[in-house]
Amino acid sequence: QVQLVESGGGSVQAGGSLRLSCAASGRTFRNYAMGWFRQAPGKEREFVATINWSGGMAYSADSVKGRFTISRDNAQNTVYLQMNSLKPEDTADYYCAAAVTTTTKKNDYLYWGQGTQVTVSS
């Protein structure tokens with residue numbers, strides 16, 4: 001089992017920045033690829049970004065490319081999502097998740113956090 005706890009969400013004006021953190025405990029964190037997803041009210045949960053076990057490979061959705069950056073610190077068992085130039089359409093609950101390999105498919109993720117809310121006002 002891997003337990004994941006997100007933090008860092010909040011309210012921000014458009015153009016602002018937030019950094020989300022996801023702390024992992026349980027089985028060896030470095031064994032897993034990590035991902036961030038988001039879910040807006042009334043919408044499906046969608047892929048945001050993923051990173052491999054070493055941090056050497058990362059991939060982001062087109063909607064956030066150039067604005068959001070995923071990274072990880074295996075010594076701290078933590079994965080981050082740096083979000084810059086935030087837009088109102090980024091408003092959602094953000095979830096981190098762990099998978100065997102990097103993937104954009106939510107069904108491939110084995111463990112999920114409880115989520116942290118991000119609200120971007122115009």
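Residue numbers run from 1 in the order of the sequence given.
- Val2 approaches Ala24 most closely through the heavy-atom pair CG1-CB, 4.3 Å.
- Atom CH2 in Trp112 sits 9.0 Å away from atom SG in Cys96 (nearest 0.5 Å).
- Among residues at least two apart or in separate chains, there is no salt bridge (Lys or Arg N to Asp or Glu O under 4.0 Å) pair with a member in residues 3-20.
- Counting heavy atoms from C-beta on, the side chains of Gln82 and Ser71 never come closer than 4.5 Å.
- Distance CH2/Trp36 to OH/Tyr94: 10.0 Å, rounded to 0.5 Å.
- Looking at residues two or more places apart in sequence or on another chain, you find no salt bridge (charged side-chain N to carboxylate O under 4.0 Å, His left out) involving Arg45.
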Using the side chain to side chain contact (heavy atoms under 4.5 Å, CB included) rule, take Glu44 and Lys106 through it: C-alpha gap first, then chi angles, then the decisive distance, then the call. CA-CA 11 Å; Glu44 296 273 330; Lys106 59 181 180 290; 4.0 Å; yes
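- Exactly one of Asp93, Asp90, Thr91 qualifies for a side-chain hydrogen bond (donor to acceptor under 3.5 Å, both in side chains) with Arg38. That residue is Asp90.
- By the 4.5 Å heavy-atom criterion applied to side chains, Leu20 and Val118 are counted as neighbours.
- Contact between Pro88 and Ser121 at its shortest, heavy atoms only, is CG-C, 4.5 Å.
- Here the straight-line distance linking atom CG of Leu18 with atom CG of Asn84 works out to 9.5 Å at 0.5 Å rounding.
- Under 4.0 Å is where a charged nitrogen must lie from a carboxylate oxygen, and between Asp62 and Lys65 at least one such pair does.
- Cluster annotation: Met83 and Tyr80 are assigned to distinct hydrophobic clusters (Ile/Leu/Val/Met/Phe/Trp/Tyr, side-chain heavy-atom contacts under 4.5 Å, transitive).
- A side-chain donor-acceptor contact under 3.5 Å links Thr116 to the backbone of Gly9.
- Not a single donor-acceptor pair under 3.5 Å links the side chain of Thr103 to the backbone N or O of Thr101.
- Proximity of Arg72 to Phe29: side-chain heavy atoms (C-beta onward) are separated by under 4.5 Å at one or more points.
- In the hydrophobic clustering of this structure, Leu4 groups with Leu110; members are Ile, Leu, Val, Met, Phe, Trp, Tyr whose side-chain heavy atoms approach within less than 4.5 Å, directly or through other members.
- For Phe37 and Phe47, the ring centers sit closer than 6.0 Å to each other.
- Note that the CD atom of Gln114 and the SG atom of Cys22 stand 11.0 Å from one another [nearest 0.5 Å].
- Between the OG1 atom in Thr119 and the CD atom in Gln13 there is a gap of 12.5 Å [rounded to 0.5 Å].
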Enumerate donor-acceptor pairs with a distance under 3.5 Å from any side-chain N or O in residues 50-60 to protein atoms, sequence neighbours excluded.
unit_1 : atom_1 : unit_2 : atom_2 : d
Thr50  : OG1    : Met34  : O      : 3.0
Thr50  : OG1    : Tyr109 : OH     : 3.2
Asn52  : OD1    : Gly55  : N      : 3.0
Asn52  : OD1    : Gly56  : N      : 2.9
Asn52  : OD1    : Met57  : N      : 3.0
Asn52  : ND2    : Ser54  : OG     : 3.4
Ser54  : OG     : Gly56  : N      : 3.2

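- Val79 and Phe68 fall within the same hydrophobic cluster, defined by Ile, Leu, Val, Met, Phe, Trp and Tyr side-chain heavy atoms under 4.5 Å apart, directly or through other members.
- Looking only at atom types and distance, the side chain of Asp73 has no donor-acceptor partner in the side chain of Thr78 under 3.5 Å away.
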